[in-house]
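One is the number of the first residue; the rest follow in order along the sequence.
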Amino acid sequence: MEMFTGLALTPLPLAWEDSANWLWKSEGVSPELIKLARMRPEQDAFWHGLSSLFGFDRWRIAERIPHLAGALPPLLPLMPLPMTYLGQLQHCPVWSLPWRTASVAHWTTTFAELLGDHVGRLHREAVSGWGHPLERTFALDQWPLRVKRYLSCSTRRTELGSLADRLPAVPTRAVWSLPDLRVDQFMWNATGWFWNDWEALLWAPLEFDWSLFELLLDNEIHRAAFYEAYRLHASPPDVQQHRFHCRAVLWLMNVFGPLNWETLASRPCWVDSLKRH
């Protein structure tokens, strides 16, 4: 990698066993974070889901992924770090981001409020369909059949029971979404907050995104802060007819780690109550 980049590099440890990239920090006056793609779609449940369901293969459009940051709404409270495509090393894409000395975000009321504002601004933006803006997009009425096919073709479909054989409802609209959204994808320092890991960004049904938030926000105080900031920009959808199909998609993609299906399916269903306030 040092020969490829021409930089002195320090390797960084993998944060997760299934981390998508190998990482290095470059030395010098303007250090960079170097990312080498580690997981292909056929090697990882998450990237397989993005490819099979959403039609998004980051290896196929590696050179164009950095363009997404410029397509996002302006003035986001959690601005994405710019990413640069450097080429391929042994057929694997390589990108770089500016290095930031900062603290990884963690769940607080302040961060939940910032994230709610951030997501609300993303959801206010009109998009033309779900899928990936740089690859293929689909009409909303194609969501039920593609989800059913994705669930029914999984080697783990027996755990889903009859859910895998039923069609979900048609979504109301599509929005910017990060299906692997986690708190550690955001950082802060004296100059502010920023978004350092957004390469899985795509367009997804609004109901899918809110099904993700319902699982992600497991603290009542953080939920309230998130919602109060979000509703200044948009309204949450009715997820009742979408919830369990979306949870099944997230489960097969291993977004919340190695949980069994019953554990994920039984998580609290709190989004419905927002409509009554």
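- No side-chain heavy atom of V119 sits less than 4.5 Å from a side-chain heavy atom of R121.
- Looking at R157 and D165, a side-chain N of the basic residue comes within less than 4.0 Å of a carboxylate O on the acidic one, giving a salt bridge.
- For the side-chain contact (heavy atoms from CB on, under 4.5 Å) criterion with Y230, the lone passing option out of E113, H118, H123 is H123.
- For the pair R243 and E207, the salt-bridge criterion is not met [side-chain N within less than 4.0 Å of a carboxylate O].
- E32 has no carboxylate O lying under 4.0 Å from a charged side-chain N of K25, or vice versa, which leaves the two without a salt bridge.
- Between the side chains of R231 and S235, no donor N or O sits under 3.5 Å from an acceptor N or O.
- Using a distance-only test at 3.5 Å, with no hydrogens or angles considered, no donor-acceptor pair links the side chain of D117 to the main chain of A229.
- E125 places no side-chain N or O within 3.5 Å of a backbone atom of L122 that could act as its donor or acceptor partner.
- Under a 4.0 Å N-O distance rule, the pair E214/R223 does not qualify as a salt bridge.
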Problem set entry | Worked verdict on F56 versus W130 for ring pair (Phe, Tyr, Trp, His ring centres under 6.0 Å) | CA-CA 11 Å; F56 168 35; W130 65 275; over 10 Å; no
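- Judged by distance alone, with hydrogens and angles left aside, the side-chain atoms of R146 form a donor-acceptor pair with the main-chain N or O of S52 at under 3.5 Å.
- Not a single donor-acceptor pair under 3.5 Å links the side chain of Q241 to the backbone N or O of P171.
- Panel note: side chain S51, backbone H48; no donor-acceptor pair is recorded below 3.5 Å.
- For the pair S154 (side chain) and L151 (backbone), a donor-acceptor distance under 3.5 Å is absent.
- Cation-pi contact between R40 and W47: absent, since separation from the ring centre below 6.0 Å together with deviation from the ring axis within 45° is not met.
- Looking at D57, its side chain does come within 3.5 Å of a backbone N or O of W59 through a donor-acceptor pair.
- Of the possible polar contacts, none joining the T263 side chain to the L259 backbone as a donor-acceptor pair under 3.5 Å is found.
- Residues F111 and H106 approach most closely at CB-O, 3.7 Å, considering heavy atoms.
- Under the 3.5 Å distance criterion, the side-chain polar atoms of R247 are matched with a main-chain donor or acceptor of R267.
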For this session: Show your working on ring pair (Phe, Tyr, Trp, His ring centres under 6.0 Å) between F213 and Y227 and close with a plain yes or no.
Result: CA-CA 10 Å; F213 304 147; Y227 171 63; over 10 Å; no
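- For the pair R64 and Y85, the cation-pi criterion (under 6.0 Å, within 45° of the ring axis) is not fulfilled.
- In this structure, W203 and W176 have perpendicular ring planes: the angle between them is above 60°, well past the 30° mark.
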